[in-house]
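This structure is a prediction, so every number in the text was calculated from the model and none was measured. Ligands are counted one by one from 1 in listed order, and the atoms in each one are counted from 1 as well.
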Amino acid sequence: MPGNGMNMPLKQHLIDPEICIRCYTCEMTCPIGAIEHDDTNVVVNPDICNSCMDCIPVCPTGSIDEWRVVAKPYSLEDQYGWEELPDQEDLGTDEASTGLEALDAEMAALLAEAHQGAGGKARAPASAAKPAINTYTIGKPAVARVQGNYRLTDDPGHDVRHIILDLEGLPFAVLEGQSIGVIPPGTDAQGRPHLPRLYSISSPRDGERAQYNNLSLTVKREENGLCSNYICDLEKGAELRITGPFGATFLLPGDPEARLLMICTGTGAAPMRAFTMRRQRTVGGKSGGMTMFFGARAPESLPYFGPLSKVPRELLDQHLVYSRHGKKEYVQDRILAERAKVADLLVDPKTHIYICGLRGMEAGVEQALTDIAGSIGQPWTGLRDTMREAGRYHVETY
Ligand code: NAP
């Protein structure tokens with residue numbers, strides 16, 4: 001923890017319990033085991049944390065990025081007891097304020113490095129608009145109204161819904177690629193309110209319907225899923241509490257010349273739909289420069305199968321692949337089958353890659369890209385790191 005000199009104030013790394021969705025990604029990422037959790041909160045051990053910042057870019061909500069300058073660090077016990085973060089305490093002395101300024105400069109430099117994607121960390125496209133984040137929190141959620149709930153799939157065992165939420169008069173600025181939290185009603189086994197679950201937004205920034213203050217989600221009903229069943233059963237007119245928006249890196253480049261290689265499975269198509277609609281609304285009938293590889297079990301379980309077939313090929317070059325319909329095929333198989341097209345995208349410095357969906361596909365997709373990049377004399381890991389540092393390589397898998 002910076003500032004451990006004698007009589008120096010300390011800058012302590014904390015996690016905002018009001019925003020954290022308890023996904024534990026930070027805990028899994030921390031290389032020195034400084035983050036832990038109980039049934040209530042995720043906390044940072046001040047005796048271990050060395051402010052390496054590895055946890056900052058992986059947090060989907062931004063709740064990890066909280067700092068307080070303290071005379072004495074908050075203990076783990078303090079942090080486990082919090083429902084919200086304490087305000088910055090007034091340290092009151094000249095010595096403390098000088099120390100504070102020095103620490104602020106030190107932390108600002110570390111944070112800038114973490115957010116910039118040094119060492120291959122996630123970074124937003126250079127030309128992306130600046131996202132609003134955490135406008136609404138667990139303590140102060142927004143109330144949205146269901147405007148529509150439509151079934152997207154014909155497969156009885158695979159219920160995927162298109163949910164349209166009306167924000168009515170509430171300011172809720174989102175960008176394509178961001179997510180929101182949905183708070184299921186009721187309490188957990190300990191009698192505490194449920195925490196929000198995260199869902200990618202599948203509509204563009206100007207609304208599901210252009211110029212309306214609404215947004216859409218693509219939600220699959222999971223067996224025994226508390227929140228997915230709650231959402232999939234919501235009727236038109238019902239109110240629900242939402243938090244966010246979240247996400248500062250998986251964003252659409254504003255550059256209309258940027259080419260997009262979008263690779264997704266199942267409901268991982270949600271942000272790709274938002275990207276496609278944004279491009280469709282902004283470039284119209286002109287070439288959208290978008291190529292999509294989209295994997296599903298069969299046409300009847302592929303979300304947006306009907307609407308996708310109406311998107312012009314010049315806007316979106318789409319490759320829909322099925323694992324349980326005819327010959328089994330995964331997205332990575334089709335990427336290899338289309339190697340010339342993919343190679344052309346890989347060597348273009350205007351190409352951005354987006355991968356979203358099942359975690360399991362990541363290895364197969366990486367292997368396919370390794371094979372194609374290698375065959376054109378561009379070792380994939382070097383190319384990928386260059387793309388990532390330029391904010392052109394984005395992965396969101398669950
Ligand atoms: P799904 O229908 O279970 O799977 C979609 C397709 O992916 C199926 O054809 C499946 O084939 C295939 N697949 C399975 N393993 C694969 C592998 N190793 N490589 C390539 N393809 C593979 O998908 P889903 O139920 O909609 O789930 C989508 C996932 O995306 C969920 O885990 C969800 O949480 C996640 N998601 C992530 C985000 C995000 O990151 N923002 C957003 C939305 C959803 P088979 O099953 O036939 O093997």
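Atom 18 (N) of ligand 1 has its closest protein heavy atom at G360 O, 3.0 Å. Remark: minimum distance from atom 28 (C) of ligand 1 to any protein heavy atom is reached at T267 OG1, 3.5 Å. When hydrogens are left out, the protein atom nearest atom 34 (O) of ligand 1 is Y398 CB, 3.6 Å; that is the closest non-hydrogen contact. From the protein, the heavy atom lying nearest to atom 27 (O) of ligand 1 is L358 CD2, 3.7 Å.
Under the 30°/60° scheme for interplanar angles, the aromatic rings of Y24 and H37 are found to lie parallel.
Judged by distance alone, with hydrogens and angles left aside, the side-chain atoms of T243 form no donor-acceptor pair with the main-chain N or O of T137 at under 3.5 Å. Checking side-chain atoms of R334 against main-chain N and O of Q332 turns up no donor-acceptor pair under 3.5 Å. A donor-acceptor pair under 3.5 Å is absent between the side-chain atoms of D371 and the main chain of A368, judged by distance alone. Checking side-chain atoms of E239 against main-chain N and O of R145 turns up no donor-acceptor pair under 3.5 Å.
For ligand 1, the atoms closer than 4.0 angstrom to any heavy atom of S200 are 39 (C), 41 (N), 42 (C). Distances below 4.0 Å separate heavy atoms of M361 from the following atoms of ligand 1: 17 (C), 18 (N), 19 (N), 20 (C). Applying the 4.0 Å criterion to heavy atoms of C356 picks out, from ligand 1, the atoms 38 (C), 39 (C), 40 (O), 41 (N), 42 (C). Heavy-atom proximity to H158, at under 4.0 Å, picks out these atoms of ligand 1: 2 (O), 25 (O). With ligand atoms numbered from 1 in the order given, ligand 1 contributes 43 (C), 44 (C) to contacts under 4.0 Å with heavy atoms of G268. Which parts of ligand 1 touch G266 is read off a 4.0 Å heavy-atom cut-off, strictly below it: atoms 5 (C), 23 (O), 26 (O).
At least one N/O-N/O distance between K220 and ligand 1 falls below 3.5 Å. Below 3.5 Å of separation, one finds an N or O of A296 facing an N or O of ligand 1.
Of the listed options Q332, R324, E222, R324 places a heavy atom closest to atom 46 (O) of ligand 1. Closest heavy-atom approach to atom 6 (C) of ligand 1 among the candidates A269, G295, G247: G295. Closest heavy-atom approach to atom 12 (C) of ligand 1 within the set Y330, Y199, Y322, F294: this belongs to Y330. Closest heavy-atom approach to atom 47 (O) of ligand 1 within the set S323, S202, S228, S301: this belongs to S323.
Ligand 1 lies less than 4.0 angstrom from a heavy atom belonging to G357.
Side-chain contact check for D317 versus M290: every heavy-atom pair is 4.5 Å or farther apart. Counting only heavy atoms from C-beta outward, the side chains of L76 and E36 approach each other to under 4.5 Å.
S301 and T153 share no donor-acceptor pair across their side chains, judged by distance under 3.5 Å alone.
Between S200 and P271, the closest heavy-atom pair is CB-CD, 4.0 Å.
You'll find the ring centres of W380 and Y393 inside the 6.0 Å limit.
Looking at R297 against ligand 1, both its backbone and its side chain come within 4.0 Å, counting heavy atoms.
Heavy-atom contacts from other residues, nucleotides or ligands closer than 6.0 Å to CZ of R209 number 12 or fewer.
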